[in-house]
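Beneath this line is the structure, given in structure tokens, with notes to follow.
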Amino acid sequence: MPLSENATPTTPPDDAAAASAPARSWRVPVVVETPQHSGLTSPLDYLAPTALPPGTLVRVPLGRRTVLGVVWDTPAAGPDALPDVQLKPVAEVLDGLPPLPAEWRQLVGFAAGYYQRALGEMALMVLPPELRQLDATQWGRREKRLHKAVARHDDSVATAERPPLTPQQADALDALAEPGSPKPFLLWGSTGSGKTEVYLRQAERALEAGQQVLMMVPEINLTPQLEARVAARFADRRIVSLHSGLTPAQRLRNWLMAHYGHADLVLGTRLAVFTPLPRLGLIVVDEEHDPSYKQQDGARYSARDLAVYRGHLHKVPVILGSATPSLESWFNALPLAEGGTGRYRRLAMPARVGDGNMPTVRVLDLSRAPKPARGDSAPPLARELLSAITERVERGEQSLVLLNRRGYAPVLQCGDCGWKSGCPHCSAWRVFHKVDRTLRCHHCGFTERVPRACPDCGNQDIAPVGRGTERLEEQLAEALPGARLGRIDADVTKHKGALEAQLASVHAGEVDVLVGTQMVAKGHDFRRITLVAAVNPDAALFASDFRAAERQFALLLQAAGRAGRDAGVAGHSEMWVQTWHPMHPLYQALRCYDYADFARQQLKEREMAGLPPYASLAMLRAEGRTQEAAQAFLLEAARLVQDHAGEAVRLYPPVPTPVQRVANVERAQMMIESPQRLALQRFLAAAQSVWLAQAQQHRRSGLIRWAVDVDPLAI
DNA sequence: AGCACGCCGACT
DNA sequence: GTCGGCGTGCTC
């Protein structure tokens with residue numbers, strides 16, 4: 001439905017309402033935060049003394065409280081849906097705040113519809129949390145302070161030099177400058193090819209045209225780095241960041257700067273995709289393949305997909321950048337003639353800036369390595385790898401060793417009776433953390449001190465099984481005497497400032513060997529690393545999740561990109577992969593950095609299996625007191641909507657989730673698949689109301705909650 | 001989700 | 001006698 005920008009009253013003075021309310025009143029639809037299961041999915045009607053244009057922020061009474069709401073375009077449900085409700089008046093209007101623009105409302109409306117969430121939930125969720133707290137008086141004070149801050153802006157700083165463009169960057173920028181209604185661009189550039197420079201040059205064009213730029217990165221960790229670079233380039237521009245790491249006041253302030261049009265560049269994580277931007281001229285999604293762009297709880301939206309929709313809405317270019325695009329984006333950037341959809345335009349930048357080559361890949365066959373000494377339960381580190389690291393240490397170069405598992409060992413086991421360190425509340429093992437001698441469940445957080453002896457049989461001999469980053473660090477310290485070790489993982493970085501401190505010591509050359517989980521592989525720029533090693537990459541090869549290989553390939557390639565960024569050392573930099581399956585196609589493609597070939601293999605498999613991007617998926621998830629309760633809900637959910645499904649939509653049998661029980665809640669899921677996205681959408685919309693009513697019934701028999709995940713990342 | 005109302009056990 | 005446990009129900 002087309003949305004009107006003008007401020008005509010949504011509904012003319014209503015006789016019935018006017019009769020029961022003071023003088024003449026307008027009836028306005030307002031969206032408020034009403035969760036899905038409340039059954040109130042459309043806007044609620046209120047009375048206002050004057051016409052309020054759509055997008056106006058108001059405070060309205062809801063039950064016994066007063067909540068923030070947004071005036072909406074569409075009148076609330078048809079007249080019959082509101083029988084004898086006595087309409088209440090709008091309590092306050094947040095004056096001075098420009099109405100949220102039509103494009104914003106349309107984006108939110110689309111997201112709510114597509115991801116099957118209540119409109120109000122979606123709308124309120126993407127507003128700064130602080131805004132929800134303020135009444136009109138408090139808002140007035142904030143607004144005054146903000147205007148003072150705007151006046152204080154200092155734009156007298158010098159702007160950094162622009163580096164010369166590589167031919168490939170120049171070509172990409174030429175393509176971006178071509179006139180005409182733009183398709184989204186997939187900027188496919190290898191790590192170090194200078195994608196950021198392309199973003200900055202294109203941003204410059206938008207800024208010069210008086211437009212605003214939205215740049216997104218997958219993780220908070222990466223915003224300071226990008227912000228520094230953007231600030232150096234556009235010192236005379238106002239730049240704000242938006243992510244969940246800001247204080248509520250900062251977040252509100254930055255959001256307002258964007259909404260008022262004062263901020264020229266907005267840098268942020270996925271939530272930034274909803275920032276109202278009156279002069280939007282460019283959207284950049286860096287590392288577009290990164291799973292962090294998909295929200296993993298509540299309204300499970302994909303910020304990358306919404307960015308594409310938003311670009312279309314505002315008719316502005318969208319750049320999706322990656323060295324290893326998601327298969328969805330790759331497929332969209334393949335021309336029709338090559339079996340893709342041709343919806344995106346691909347811009348390739350295969351070469352690294354400054355003649356740096358990608359490191360040589362060395363796939364090390366563990367089955368041919370000498371067996372570890374008997375009685376040593378730690379998984380092996382190949383001797384060749386250790387000597388390659390030793391050489392680096394001696395030369396004063398740095399190495400990065402990746403292991404995607406934190407803690408000391410994923411499980412403890414009793415050598416006598418076979419007891420294992422299970423979590424009493426989850427169907428998962430508790431991880432042994434040697435640093436503080438605890439057993440910690442990574443799912444529910446349940447933590448205990450490590451028992452002295454086996455809780456079952458009293459045996460003193462309980463041993464760690466497997467290896468996490470703590471143990472790897474210990475192993476490397478033993479094997480490389482004299483080497484200075486560092487570690488970066490979620491346990492280290494949960495202390496404020498620890499990541500920055502650790503990165504600084506790596507940059508200062510105080511660390512020879514850095515151990516880390518995937519978080520170090522992402523985006524951090526290390527100049528002196530000449531060896532990157534993945535010591536246990538095989539797990540992903542046999543995971544049940546069909547996207548595991550895609551993720552692993554991206555991670556390994558991204559990790560390889562950490563090495564040899566300086567041309568001086570690039571010549572002898574190496575990427576090591578120690579594996580039991582050296583011939584696996586994933587490693588073969590990695591050897592020659594052939595993403596295109598890897599994508600071709602994967603797409604073929606997906607097509608044969610009827611999986612994305614050749615099909616659309618949704619997951620109906622249920623949580624219950626018992627596994628039976630969760631599955632019973634899903635079974636009946638399937639039965640009730642069987643007729644709606646028809647030919648085009650297929651419902652799979654309910655199954656327990658990969659981790660079946662978390663914090664004593666049993667979880668099950670049911671996959672829903674269709675070759676046509678639209679058919680799936682229509683089905684879900686129809687099914688939603690059926691399931692809503694059904695869920696009420698099942699609450700008594702042990703259903704706790706349920707939700708639909710559209711385009712799930714993990715299955 | 002909040003935040004009520006509502007009807008049964010251990011405390012000032 | 002009240003404080004408070006969380007079961008059920010409503011919000012324009």
Side-chain angles (χ1 to χ4, degrees), chain A residues 9-22 24-52 54 56-93 108 112 115-135 295 297-300 621-626 629 663-665 688-689 691-708:
Chain A
T10 316
T11 308
D14 183 302
D15 285 345
S20 56
R24 291 166 63 83
S25 292
W26 272 261
R27 187 167 165 165
V28 288
V30 177
V31 298
V32 291
E33 195 170 28
T34 48
Q36 204 75 17
H37 58 265
S38 68
L40 302 173
T41 50
S42 52
L44 305 182
D45 281 330
Y46 288 89
L47 298 172
T50 59
L52 295 173
T56 305
L57 283 163
V58 293
R59 292 181 60 81
V60 292
L62 179 70
R64 249 141 290 241
R65 13 178 219 149
T66 303
V67 296
L68 183 68
V70 184
V71 176
W72 218 252
D73 309 72
T74 48
D80 51 311
L82 283 173
D84 306 317
V85 183
Q86 175 66 59
L87 297 189
K88 293 182 183 178
V90 167
E92 307 178 305
V93 176
V108 166
Y115 294 104
Q116 306 292 323
R117 308 298 297 197
L119 189 52
E121 184 195 5
M122 192 56 98
L124 275 294
M125 181 189 78
V126 304
L127 292 174
E130 184 83 335
L131 204 54
R132 272 178 276 183
Q133 309 298 121
L134 303 177
D135 63 30
Q295 173 104 358
D297 47 58
R300 294 171 166 251
R621 302 181 201 274
E623 298 183 358
R625 300 294 302 156
T626 62
N664 290 321
V665 172
Q688 191 78 32
S689 55
W691 293 336
L692 199 68
Q694 182 210 345
Q696 303 287 353
Q697 312 276 306
H698 278 68
R699 283 229 328 242
R700 264 175 284 109
S701 53
L703 177 73
I704 296 171
R705 56 184 155 253
W706 65 282
V708 182

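All chains are named by letter (A, B, ...) in the order of the sequence lines, taking the proteins before the strands, and each is independently numbered beginning at 1. All heavy atoms count here, side chains included; hydrogens, waters and symmetry mates do not.
Taking 4.5 Å as the limit, some side-chain heavy atom of Leu62(A) sits within range of a side-chain heavy atom of Leu44(A). Using a 4.5 Å heavy-atom threshold, the side chains of Asp135(A) and Arg59(A) count as touching.
With Tyr46(A) contributing its side chain and Pro61(A) its backbone, the two residues share a donor-acceptor pair below 3.5 Å.
Across all their heavy atoms, Arg300(A) and Tyr115(A) have their closest contact at O-CD2, 3.2 Å.
Nucleotides of DNA chain B nearest to Thr34(A) and Arg64(A) differ in position, and the one nearer the 5' end is that of Thr34(A).
The distance from the CH2 atom of Trp72(A) to the CG atom of Leu52(A) is 14.5 Å, given to the nearest 0.5 Å.
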What pairs of nitrogen or oxygen atoms, one from the protein and one from nucleotides 6-11 of chain C, lie under 3.5 Å apart?
residue, atom, partner, partner atom, Å
dT11(C), O3', Gly63(A), N, 2.9

